2 protein chains.
Amino acid sequence: MSEGVEWGLHCCVTLAWLGDEEPVPAARLAERFQLPPAYLNKCLQALGRAGILTSTPGARGGFRLARAPERITLLDLVTAIEGPEEAFRCTEIRQRCAEANPASREFLRPCAIAAAMHKAELAWRKELAAQTLADLSAAAPRSARDAALRWFGRGEND
Amino acid sequence: MSEGVEWGLHCCVTLAWLGDEEPVPAARLAERFQLPPAYLNKCLQALGRAGILTSTPGARGGFRLARAPERITLLDLVTAIEGPEEAFRCTEIRQRCAEANPASREFLRPCAIAAAMHKAELAWRKELAAQTLADLSAAAPRSARDAALRWFGRGEND
DNA sequence: CCGAATCTGGATAAATATCATCCAGGATGC
DNA sequence: GCATCCTGGATGATATTTATCCAGATTCGG
């Protein structure tokens, strides 16, 4: 799994803590986590296209959550970064057997192997869909949240 | 996920069908599925090191299942090919925050984000562990099994 | 005992994906 | 107007996956 998932998760949790009064520039988030600014920006763009973040261009612009943390699941995040394809992709090698006829009725139903892997993937997605950004923000220690608020200069308001 | 997982699964299901009276050379399995022989061999070697297959060198040698299909789970197979690492790997970017002190007590407990991803991964593994090679062999249509037996010249005995 | 078949493991190369940077263009606020 | 900041494309660096080849060891069959 690409590292952008981890970056995106940390950034979104941070954005959840900060609230959406004021957008946060990508460069500032990169600085916070010591990540490459240009590349982190690419990840945030992907989150924007997926409707998880909204971006505001221009001075004092940046990113903020597009909706309440309770309504953003980990599955949303992971799918936005990694894409919607499953980890296991069936290449239908059963149809490459010498005698196999691709038009055979046998191939109408899915490959049992692909079905088994798919079932596991569904379990994974279900678990991801069951956890929201709000859960993550709450699970982190208060000290982490407080430190973030201070670092971003939001300690006073919130 | 690497394609070797799919190859390994198909090969193992086939070996389950054939029984373990006689080992099957890697080259023959490659021919069956039209896969690159040398590279498929590497995958089978990995399954051998993982204790899923046993290999016998020399003429009339090849691979066979190391134990009954009921006792080989999909998790065994996937782990053998993909390795034991989790898909999401936490790089502890929370510790890279400017003010963070790596010795802090806060970092003794795992990162909430990593824990959430880990939970999903466990659900995936659990589902994989619940399915065995025997289940897969049984789920495939009889015609596929029969065709394999014929192709490998084992139609008469079994 | 010889030779063909076969696995083992290392070296290597090709193809692809991931990670990362840069830049031109457009939008926004001061 | 100008500094800030997102957007998207082009490009390059690095890592991983896929694939090949070969020398060495082992076994079978004659």
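Numbered from 1 within each chain, the chains take letters A, B, ... in sequence-line order. What you see is a predicted model; the values in this text were computed from it and never measured.
For CZ of B:Arg71, the number of neighbouring non-hydrogen atoms (other residues, nucleotides, ligands) closer than 6.0 Å is 12 at most. By the neighbour-count criterion of 12 heavy atoms within 6.0 Å, atom CZ of A:Arg89 is sparsely surrounded, having that number or fewer from other residues, nucleotides or ligands.
For the residue pair A:Ser143 / A:Asp146, no side-chain donor-acceptor distance below 3.5 Å is found, with atom types taken as modelled.
Contact detail for B:Ala80 and B:Ala50: the closest heavy-atom pair is CB-CB, 3.4 Å. When all heavy atoms are compared, the tightest approach of A:Glu86 to A:Glu121 is CA-OE2, 3.1 Å.
A donor-acceptor pair under 3.5 Å links the side-chain atoms of B:Glu82 to the main chain of B:Ser2, judged by distance alone. Panel note: side chain A:Arg67, backbone A:Gly51; a donor-acceptor pair is recorded below 3.5 Å.
The phosphate of C:dG9 (OP1 or OP2) has a side-chain N or O of B:Arg49 nearer than 4.0 angstrom. OP1 and OP2 of C:dA27 both lie 4.0 Å or more from every side-chain N or O belonging to A:Thr56.
From the 5' end on, the contacts that DNA chain D makes with chain B at under 4.0 Å to a non-hydrogen atom open and close at D:dT18 to D:dG29.
With sequence neighbours excluded, the residues forming a ring pair (Phe, Tyr, Trp, His ring centres under 6.0 Å) with A:Tyr39 are A:Trp7, listed by chain and number.
The distance from atom CD of B:Glu22 to atom P of C:dC7 is 13 Å, rounded to the nearest whole Å. One can place CD of B:Glu3 at 15 Å from C1' of C:dA14, the figure rounded to the nearest angstrom.
Take the nearest nucleotide of DNA chain C for B:Gly62 and for A:Arg60: the residue whose nucleotide is more 5' is B:Gly62.
Using a 4.0 Å heavy-atom cutoff across all strands shown, B:Ala26 reaches sugar-phosphate atoms only and no base atom.
Listed in residue order, the members of residues 34-47 of chain A having a heavy atom less than 4.0 Å from DNA chain C are A:Pro36, A:Ala38, A:Tyr39, A:Lys42.
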